[in-house]
Amino acid sequence: MAFDYGKAPKKLGFGLMRLPKLEDGTIDLEQTKEMVDLFMEAGCTYFDTAWAYTGSEEAIRKALVERYPRDSFTLATKNAAWIGSKSREDAVKQLETSLERSGAGYFDYYLLHNIGDNRRKVFDDFGLWDWVIEQKEKGIVKNIGASFHTTPEEVDEVLTLHPELDFVQLQINYADWDSPSVQSRACYEAAQKHGKPVVVMEPVKGGNLATPPEAVAKLFQEADPDKSVASWAVRFAADLPGVLVVLSGMSNVQQMEDNLSYMKDFTHLTEEERAVIAKAQEELDKIPLIPCTSCDYCSKVCPCNIGISISFNALNLYTVYHNKDIAGSQLQLRTNSMGKGSAADCIQCGQCEEVCPQHINIRDELVRVKETFL
């Protein structure tokens with residue numbers, strides 16, 4: 001069956017993970033409705049939520065599903081079987097729960113969520129690849145895909161084993177394009193090799209590229225004072241061939257208005273604009289970081305099962321963007337999801353340093369991680 005685009009989306013997608021919040025921590029439904037209205041009025045139609053995004057599926061039912069004809073928008077959600085599922089029945093029930101919360105009737109895009117590391121094994125063990133095909137045959141989902149936080153080698157392997165996937169969702173932004181840990185370019189090229197449309201997540205790197213280091217921000221502001229710094233990041237991702245839509249996790253009306261100002265009628269980057277982004281990448285490369293490539297040889301010999309590369313990626317993130325909350329949250333999330341120990345567990349045995357190809361002083365760097373985050 002050919003890829004079902006449904007109502008063909010514009011290049012901007014509304015990511016529903018970071019919806020606006022009220023003082024009591026609940027989702028600001030009225031502001032969410034206003035954002036949905038602006039988005040739909042601009043002709044944009046792609047909404048992205050997930051079973052694991054607390055309150056998001058319920059909010060989009062009230063802000064979108066109950067207020068607009070079902071065929072006027074496309075809705076994506078995700079199955080995170082690795083969260084709390086002790087059986088296949090637990091895992092497949094997530095779809096039923098998502099349908100109840102959202103009231104959508106069906107999903108235009110349904111993803112197996114966050115493939116990579118030990119999380120993929122859960123989808124394999126519970127036979128969810130065959131199950132999701134069955135849901136497509138029943139019409140409960142229109143397109144099946146997977147979101148990845150992993151290596152390009154695993155993206156290639158999964159797409160080779162599962163050609164039935166209609167699309168993929170990848171973390172792509174100019175900062176991670178050639179990053180040894182994220183490898184945005186190589187993951188994108190793996191998807192391109194298999195001819196899969198790409199949904200882009202984290203184009204602004206969790207908001208970090210809206211407030212990049214001063215030298216980077218200055219480059220963009222001098223190149224075009226009328227464009228927001230964030231716009232360069234979103235347009236970089238949207239400019240790539242094969243990209244279906246670029247998700248932006250917008251948290252207020254102002255962010256929605258800014259994104260629509262340059263994405264409502266998206267134009268590809270000029271050669272001059274691509275040169276500016278290349279200079280921004282060069283500026284980021286000048287920042288001294290731990291030269292970790294996430295090969296994880298160190299973790300394989302660590303007697304305490306410490307997530308060493310996870311720890312170093314978080315410290316590098318903090319070094320570049322000076323946002324301890326985001327870096328610390330990423331550290332905690334990935335440490336927990338992968339079942340790894342923390343830097344505080346290090347016993348200073350030095351086995352990790354004996355196998356590190358980059359000759360990193362791992363023990364000293366783990367002390368810095370502990371002092372910064374723990």
Side-chain angles (χ1 to χ4, degrees), residues 17 50-53 77-95 110-132 144-162 164-165 168-171 176 179-184 186-187 190-191 201-202 292-317 327-346 351-352 355-356 362 366 369 373-374:
M17 185 171 69
W51 174 87
Y53 298 169
T77 197
K78 311 178 190 74
N79 184 302
W82 41 273
I83 300 179
S85 296
K86 297 180 180 179
S87 66
R88 186 175 189 273
E89 289 70 28
D90 289 342
V92 302
K93 191 174 181 181
Q94 287 190 18
L95 175 56
Y110 194 70
L111 300 92
L112 301 185
H113 191 182
N114 200 357
I115 303 293
D117 304 314
N118 59 355
R119 297 180 297 277
R120 175 179 160 196
K121 185 176 185 299
V122 179
F123 297 110
D124 293 342
D125 290 348
F126 291 158
L128 297 190
W129 304 98
D130 291 335
W131 167 79
V132 78
I144 56 177
S147 64
F148 292 89
H149 286 284
T150 186
T151 63
E153 291 78 16
E154 187 166 23
V155 173
D156 182 48
E157 181 181 353
V158 169
L159 293 179
T160 300
L161 291 172
H162 300 287
E164 68 273 13
L165 292 179
V168 298
Q169 186 163 309
L170 302 173
Q171 178 173 328
D176 291 327
S179 158
S181 57
V182 180
Q183 301 183 77
S184 284
C187 288
M201 59 182 162
E202 302 293 349
C292 175
T293 63
S294 298
C295 69
D296 286 330
Y297 294 146
C298 53
S299 290
K300 292 173 183 175
V301 301
C302 176
C304 302
N305 191 36
I306 295 170
I308 297 173
S309 65
I310 299 169
S311 300
F312 291 172
N313 288 339
L315 191 57
N316 283 342
L317 185 64
S329 295
Q330 178 176 297
L331 174 60
Q332 182 177 18
L333 176 65
R334 296 209 66 204
T335 299
N336 291 342
S337 69
M338 294 177 64
K340 293 291 187 179
S342 77
D345 299 323
C346 179
Q351 293 184 54
C352 52
V355 299
C356 177
I362 294 175
L366 287 176
V369 172
F373 299 112
L374 306 174

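Given the structure is predicted, the values throughout are model-derived calculations rather than measurements. Starting from 1, each residue takes its place in the sequence as its number.
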### Message
With a 3.5 Å distance limit and no angle check, can you tell me whether Asp345 reaches the backbone of Ser342 through a side-chain donor-acceptor pair?
### Response
yes

### Query
Less than 4.5 Å apart, any side-chain heavy atom of Lys78 and any of Leu112?
no

### pair Leu95-Trp51: side-chain heavy atoms closer than 4.5 Å
no

### Message
Has Ser299 got a side-chain atom pairing as donor or acceptor with Gly307's backbone, closer than 3.5 angstrom?
### Response
no

### Query
Shortest non-hydrogen contact from Ala314 to Phe373?
O-CZ, 3.7 Å

### Task
Could you tell me the separation between the CG atom of Asn313 and the CG atom of Asn316, rounded to the nearest 0.5 Å?
6.5 Å

### Task
For the residue pair Pro303 and Gln351, establish whether any side-chain heavy-atom pair is separated by less than 4.5 Å.
yes

### Query
Measuring from Leu366:CG to Cys352:SG, what's the distance to the nearest 0.5 Å?
6.5 Å

### Query
With a 4.5 Å limit on heavy-atom distance, are the side chains of Val158 and Leu165 in contact?
yes

### Task
Indicate yes or no: does Lys86 engage Asp90 in a salt bridge with an N to O separation below 4.0 Å.
no

### Query
So which heavy atom on Leu331 is nearest to which on Ser311, and how close?
CD1-CA, 3.7 Å

### Message
Measuring from atom CZ of Arg120 to atom CG of Asp125, what distance do you get when rounded to the nearest 0.5 angstrom?
### Response
11.0 Å

### Query
Quick one: does Ile362's side chain get under 4.5 Å of Ile308's, heavy atoms only?
yes

### Message
Rounded to the nearest 0.5 Å, what separates atom CG in Asn79 from atom CG in Leu128?
### Response
6.0 Å

### Query
Is a side-chain N or O of Arg119 found less than 3.5 angstrom from the main chain of Asn114, in a donor-acceptor match?
yes

### Message
Checking Ser309 against Asp296 for the side-chain hydrogen bond (donor to acceptor under 3.5 Å, both in side chains) test, could you report, in this order, the C-alpha distance in whole Å, the side-chain angles of both residues, the deciding distance, and whether it holds?
### Response
CA-CA 6 Å; Ser309 65; Asp296 286 330; 2.7 Å; yes

### Query
Do Ser147 and Ile115 have side-chain heavy atoms sitting under 4.5 Å apart?
no

### Query
Closest approach of Leu170 and Cys187, non-hydrogen atoms and distance?
CD1-O, 3.6 Å

### Query
Taking all atoms of both residues into account, what is the closest heavy-atom pair of Ala343 and Val369, and its distance?
CB-CG1, 3.8 Å

### Task
Of all the heavy-atom pairs spanning Ala50 and Thr77, show the shortest one and how long it is.
CA-OG1, 3.2 Å

### Message
Looking at Gln169 and Met201, would you say the former's side chain and the latter's main chain have a donor-acceptor pair under 3.5 Å?
### Response
no

### Pairwise side-chain contact, Thr151 with Val155, heavy-atom cut-off 4.5 Å (strictly under)
no

### Query
Any idea how His162 and Trp129 line up, ring-wise: parallel (<30°), tilted (30 to 60°), or perpendicular (>60°)?
parallel

### Message
Would you say that more than 12 heavy atoms from the other residues, nucleotides or ligands in this model lie under 6.0 Å from the CD of Gln332, or not?
### Response
no

### 4.5 Å side-chain heavy-atom contact, Ile306 and Thr335
no

### Ser85 side chain to Ser87 backbone, donor-acceptor under 3.5 Å
no

### Task
May I ask you to decide if Phe126's main-chain N or O and Trp131's side chain share a donor-acceptor pair within less than 3.5 Å?
no

